[in-house]
Amino acid sequence: MKIQFAPLNIPLRRRLQTAAVLQWVFSFLALAQCCLAGYVLLCVSDWWVLAALYAGWLYLDRDTPTSGGRRSEWLRNWSVWKHFRDYFPLNLIKTVDLDPASNYIFGFHPHGVLVAGGFGNFCTEASGFSSLFPGLTPYLLMLPFWFRVPFFRDYIMCGGLVSSEKASLSYLLSASRGGNVAVVAVGGAPEALDARPGALTLQILHRKGFIKLALKHGAQLVPVFSFGENELFDQMTNPAGSPLRWLQDHLQRLMGVALPLFTGRGVFQYSFGLLPYRQPIHTVVGRPIPVVQTPSPTKDDIDGLHSLYLEGLTTVFEDNKDNYGIAPDKHLHFI
């Protein structure tokens, strides 16, 4: 394979953008392991008392990831995130105003490989969430597993990440003052295994837990489609029924974490690596679907609202696909 090297005269701003994305990829793929290794080394060192004190802190702080987390506006406004935004670039598009007196569930689609649009738009202020939606506070839900990793848990909570457990979502939606936005990557880890350029398949037909909670708490549902999310990486061919897909599905059920075999570009060359391609991401926030609070929703209630949500998501996609380079004959496929 011929390697396409990056030119030497790249402007400084682009080098800063690459560095910003590189640290993000490292944080996503390796920081948790480094934090765990660091904690183990601390335990067996002369500083083991600090490890013991931190273990006590973990016990006392165990409910924080399911109780709104511990966000830091200072971290969310780091200048590094502006370079991260400009790398793709990343854009957040509002279609209607949202009432800050209500609580919302943003259904984020598609999951993509690393949820770049979800992180950039809702865990940082780089794309101006607070300016677009004044009075609203976004929380991106993440697998509970990551909140058990020492030090790493504290870092990710600073960005507004919280556990994806049912109790966590209920806590956000039950706020009487309103203004909470729970961002749920509905397709979850399994959808990441189908994330590749041109993919429009969403795993959603059997995902109704967020619908039930929306009904129980009277939270409005907002479909969000992130155009360009699947264009950031290539992925090894893994059709359903193949040995690779069987192994990936088995590991996903065992660990709860998807393991897509993806590739993008490198730091000093464009032919292979773990950095995403420089492809624009346009995250469109659709119109809210009004929800009447139903403390004990029936199956018909859930199915009816789920159908309305699918219609709303389809509308967001169809109304905007021409603006972002998707052919008229391409449509969403729900499984």
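Below, each value reflects all heavy atoms present in this structure, side chains not excepted, and no hydrogens, waters or symmetry copies.
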Are the aromatic ring centres of F225 and H109 under 6.0 angstrom apart? no
Do side-chain atoms of R71 reach the backbone of P138 as a donor and acceptor pair under 3.5 angstrom? yes
With side chain to side chain contact (heavy atoms under 4.5 Å, CB included) as the test, pick out the partner of T124 among W78, F84, F129, F119. F119
Exercise: identify the closest heavy-atom pair between E229 and P110: CG-O, 3.7 Å
State whether D249 and R253 are salt-bridged, where the test is any N-O pair (Lys NZ or Arg NE/NH1/NH2 against Asp/Glu carboxylate O) under 4.0 Å. no
Please answer whether the main-chain N or O of I211 pairs with a side-chain N or O of Y309 as donor and acceptor at a distance below 3.5 Å. no
When every non-hydrogen atom of D234 is compared with those of P197, the smallest separation belongs to OD1-CG, 3.5 Å
Using atom types as modelled and distance alone, determine if a side-chain donor or acceptor of K321 lies under 3.5 Å from a backbone N or O of K330. yes
Is the ring pair Y54/F151 parallel, tilted or perpendicular, if the boundaries are 30 and 60 degrees? tilted
Under the 3.5 angstrom rule, does the side chain of R207 hit a backbone N or O of G187 as a donor-acceptor pair? yes
Between the side chain of R278 and the main-chain N/O of Y87, is any donor-acceptor distance below 3.5 Å? yes
Any side-chain to backbone donor/acceptor pair from Q293 onto K216? Under 3.5 Å, distance only. yes
What I'd like to find out is whether the side chain of V183 reaches to under 4.5 Å of the side chain of V181, using heavy atoms alone. yes
Taking C-beta and beyond as the side chain, do N91 and T283 meet within less than 4.5 Å on heavy atoms? no
Could you check whether any side-chain N or O of W81 sits under 3.5 Å from a backbone N or O of L75, counting only pairs where one atom can act as donor and the other as acceptor? yes
Decide if atom CZ of F334 counts as having more than 12 heavy atoms of other residues, nucleotides or ligands within a radius under 6.0 Å. yes
Can you confirm whether more than 12 heavy atoms, excluding those of D46, are under 6.0 Å from its CG atom? no
d(H306 NE2, F210 CZ) to nearest 0.5 Å is 5.5 Å
Assign the ring pair F108 / F122 to parallel, tilted or perpendicular, where the plane angle (0 to 90°) is split at 30° and 60°. perpendicular
Using a 3.5 Å distance criterion without hydrogens, assess whether the side chain of K94 forms a donor-acceptor pair with backbone atoms of L132. yes
Please evaluate residues T66 and S168 with respect to the criterion side-chain hydrogen bond (donor to acceptor under 3.5 Å, both in side chains), reporting the C-alpha separation (whole Å), side-chain torsions for both, the decisive distance (0.1 Å), and the verdict. CA-CA 4 Å; T66 59; S168 177; 6.0 Å; no
Keeping the roles fixed (side chain from D61, backbone from W57), state whether a donor-acceptor pair exists under 3.5 Å. no
Are R14 and D86 ion-paired here, with the side-chain N under 4.0 Å from a carboxylate O? no
Show your working on side-chain hydrogen bond (donor to acceptor under 3.5 Å, both in side chains) between N238 and Q248 and close with a plain yes or no. CA-CA 9 Å; N238 58 343; Q248 289 174 319; 2.9 Å; yes
With sequence neighbours excluded, residues passing salt bridge (Lys or Arg N to Asp or Glu O under 4.0 Å) with E125: R76
Determine whether a donor-acceptor pair (N or O, by modelled atom type, separation under 3.5 Å) exists between the side chain of Q279 and the backbone of L232. no
Salt bridge or not for D301 and K212, using N-O below 4.0 Å? no
Flag the pair R245 and D194 as a salt bridge only when some basic side-chain nitrogen lies within less than 4.0 angstrom of an acidic carboxylate oxygen. yes
